[in-house]
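As structure tokens, the structure follows; a few thoughts come after it.
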Amino acid sequence: EPEVTQTPSHQVTQMGQEVILRCVPISNHLYFYWYRQILGQKVEFLVSFYNNEISEKSEIFDDQFSVERPDGSNFTLKIRSTKLEDSAMYFCASSVQREIEQFFGPGTRLTVL
Amino acid sequence: SQELEQSPQSLIVQEGKNLTINCTSSKTLYGLYWYKQKYGEGLIFLMMLQKGGEEKSHEKITAKLDEKKQQSSLHITASQPSHAGIYLCGVRLAGTASKLTFGTGTRLQVTL
């Protein structure tokens, strides 16, 4: 069964460093998303992406964040200058259409020291 | 107040017992999604409900969306240890395109 994959599973970085989290959505999906979950808190929406542009973003998704679909299969989230409060589990998700179920990847645990 | 309330926050049931988890939105919703999460892992999609009164079942899990489309219940019949995990309710609210807003989750433990 097709699934969303994410790499790496765990990333440790120093405050101020740039990180890129990678995702491979399900192949026939057209909508892509990033969510994050700070330990012990709710899953929070960051951004949605369709047709090579951001379709919706949250207040969390500020200028430090960017997303890209560099090729036909990968979808990336870049954090330019990480802060301690960026430590969280980051989930990528994808869906065939906007209004239907989103399928989530296993997540990347980001630890900022 | 929270946009989305889930209750209870946690639940311990004996294997074989039935249980119900509730999700209530303070705003009009256009879609409600139930997911299951194991600690430290990704979200597994269970069911999507879009129409008031809609009811869906998958194996021993049944979810229903009430007529006014602001509340859903998830019912597990004859619980098993494999049902243990965190059940998350996510909603697509009016005025948003595809963003899902999640509740705090219900942590379910099933004892032998």
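Just so we're on the same page: letters track the sequence lines, and every chain starts at 1.
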Using modelled atom types only, decide if a donor and an acceptor are shared between the side chain of [X] and the backbone of [Y] within a distance under 3.5 Å.
X         : Y         : answer
Glu56(A)  : Ser98(B)  : yes
Gln102(A) : Tyr33(B)  : no
Tyr33(A)  : Leu100(B) : no

Would you say the side-chain atoms of Gln37(B) and Gln37(A) include a donor-acceptor pair closer than 3.5 Å?
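Yes.
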Within a strict 4.5 Å, meaning less than it, do heavy atoms of the [X] and [Y] side chains meet?
X         : Y         : result
Phe104(A) : Tyr35(B)  : yes
Phe45(A)  : Thr101(B) : no
Phe102(B) : Tyr35(A)  : yes

Contacting region of Thr96(B) [heavy-atom separation from chain A under 4.5 Å]:
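Contact with chain A: backbone and side chain both.
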Which atoms of Leu88(B) approach chain A - backbone, side chain, both or neither, heavy atom under 4.5 Å:
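Just the side chain, heavy atoms under 4.5 Å.
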What's the separation between atom OG in Ser58(A) and atom NZ in Lys99(B), rounded to the nearest 0.5 Å?
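Result: 6.5 Å between the selected atoms.
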Could you tell me the separation between the CZ atom of Arg98(A) and the CZ atom of Arg92(B), rounded to the nearest 0.5 Å?
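Interatomic distance, Arg98(A) CZ to Arg92(B) CZ, rounded to 0.5 Å: 7.0 Å.
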Tell me whether [X] at atom [atom1] has more than 12 heavy atoms from other residues, nucleotides or ligands lying less than 6.0 Å away.
X         : atom1 : result
Lys56(B)  : NZ    : yes
Arg107(B) : CZ    : no
Asn28(A)  : CG    : yes
Gln9(B)   : CD    : no
Lys42(A)  : NZ    : yes

According to a hydrophobic-cluster definition based on side-chain heavy atoms being under 4.5 Å apart (Ile, Leu, Val, Met, Phe, Trp, Tyr only), do [X] and [Y] belong together?
X         : Y        : answer
Phe45(B)  : Ile86(B) : yes
Val4(A)   : Leu30(A) : yes
Leu110(A) : Val67(A) : yes
Leu4(B)   : Met47(B) : yes

How close do Met48(B) and Glu99(A) get, heavy atom to heavy atom, and via which atoms?
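Looking at all heavy atoms of both residues, the shortest contact is SD-O, 3.8 Å.
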Part of Ile100(A) within contact of chain B (heavy atom distance under 4.5 Å)
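Answer is both: backbone and side chain atoms of Ile100(A) are under 4.5 Å from chain B.
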